[in-house]
J.: 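My questions all concern the structure below.
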Amino acid sequence: MSPEMDIELSVSQFVALHNQVLEYSMPMVVIVGELANFRVSKGKWLYFDLKDDGAVVRFFGTVYNLNGPLEDGMLLKVRGTPRVHPLYGFSINVLTLQPAGEGTIKRAAELLQSQLEAEGLFAPERKRSLPYPPGHIGLITSKESAAYADFMKILDARWRGIDILVANVQVQGEVAPEQIVQAINDFNQLADPPEVLILTRGGGSPEDLWAFSSEAVTRAVAGSRIPTLVAIGHEIDISLAELAADQRASTPSNAAELLVPDRANVLRDLQVARQSLGQLCEQTFRTVRGSVILYRQQLMRSAAQALTGSRLQLKTQTDMLRLLNPAVILKRGYAIVRAATGVVVRAATDVQPGETLEIQFADSMVRASVERTS
Amino acid sequence: MAKQTKTYHALQAELDEVLLELQSEGLDVDRATELFERGLALTGQLEQKLTEAENTVRDLKAKHES
């Protein structure tokens, strides 16, 4: 091209053109590099570089992009938009950033854990007990995952009749933290909220599991008014969300086991209780029947005694009556003396000499007259 | 004598009175004889009632013992 054909631009025009070109050819980039020169300005603005052995690029963002404390040397994955600032030159505006690589992820989690621990988020006193069994639960997981299938299968085998609300979220990747936090908040704001929130996923690489050690998710779990059960299926490290939860389980299946009792056990216990009850009843009846038999025996005895007593008394009285029989007295030699009028004579003064007397013996009688009284 | 329907207890009480009077001093012989006859009648009735009660108890006992 000849010099006469060159287009002349002003500086501002050049910058505008440059930005247009960038927007057209490279609207968004994802760069992985080592963090350097990280600083926060005025508590709001984020400035840092990403570098590797051959080059370094400047980045600009806000504190809202952060998901935990960062240190120089960490490996970061940053998604951003390249642009040329009219005054400050080229930089990439941060959309999202997250730790990359196992080492960094671990380090970031360590830093965040110290910070949140100091704030008291993981304190044992904060842990609430879960209703056992719950009637209404909120499940936050990926519906396509094996974790979801496992959890539901075990839950159904052990217990039925639970109302389950499911929030289908990404459980890994850049958008995961945002979706998980949204789900937690949505459940908390329901008019009739669930009694427990279960946040769960299966195992994976540290990168896959990063969301569950991010600041946003950890704070959301800690701040949930609804008690939380977090089960991130992996063996080695515990994610920060699990530390913040009211209860943690080692796997999604384990979560179901902790959440509800085993129906088989409960039925068996009821069976044993029913047997005991039956036995106790029988025992009680036996005791009562025994008492009734004793009472009847006592009754018989008392009746017999009363009759015997009466008979004895009657005999005594009859004997006494016989003794008092006036006729018996006569047999002994006593006599009854009557006057002519028939009146019984008791003393000499009752009669006059010459009067007729009737003397009655036991079986005979004599008529006599009074000779003399004295 | 007409059949009495007094209770055992009442008959018993009357017998006690008869016996008491029979033992008193200065009792008229005629009255004594009268009382004696009355006493015999009472013991007869009491005897009858007692036997009836004993039979009833025996019957009930047999009925309820299983």
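Below, chains carry the letters A, B, ... as their sequence lines are ordered, and counting in each starts from 1. Only this structure's heavy atoms are used, side chains among them; waters, hydrogens and symmetry mates stay out.
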J.: If I measure from the heavy atoms of chain A, does B:Leu42 come under 4.5 Å with its side chain, its backbone, both, or neither?
T.: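 No part of it gets close to chain A.
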
J.: For chain A, which candidate among B:Val29, B:Leu35, B:Val18 shows the most heavy-atom pairs at distances under 4.5 Å?
T.: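 Top option by heavy-atom pairs under 4.5 Å: B:Val29.
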
J.: Just checking A:Tyr334: does its OH atom have more than 12 heavy atoms from other residues, nucleotides or ligands closer to it than 6.0 angstrom?
T.: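 Atom OH in A:Tyr334 is not crowded, with 12 or fewer foreign heavy atoms closer than 6.0 Å.
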
J.: Report, as yes or no, whether the 6.0 Å neighbourhood of atom OH on A:Tyr295 holds more than 12 heavy atoms from other residues, nucleotides or ligands.
T.: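 Not more than 12 within 6.0 Å, no.
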
J.: Using a cut-off of under 4.5 Å on heavy-atom pairs, state which of B:Leu15, B:Thr51, B:Leu60, B:Leu40 scores highest against chain A.
T.: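 Maximum pair count with chain A is reached by B:Leu15.
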
J.: CZ of A:Arg225: more than 12 outside heavy atoms within 6.0 angstrom?
T.: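 For A:Arg225, atom CZ is not crowded (no more than 12 foreign heavy atoms under 6.0 Å).
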
J.: Which residues, numbered in order, of residues 303-330 of chain A come under 4.5 angstrom of chain B by heavy-atom distance?
T.: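 Residues of residues 303-330 of chain A touching chain B at under 4.5 Å: A:Ala303, A:Leu307, A:Ser310, A:Arg311, A:Gln313, A:Leu314, A:Gln317, A:Thr318, A:Met320, A:Leu321, A:Arg322, A:Leu324, A:Asn325, A:Pro326.
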
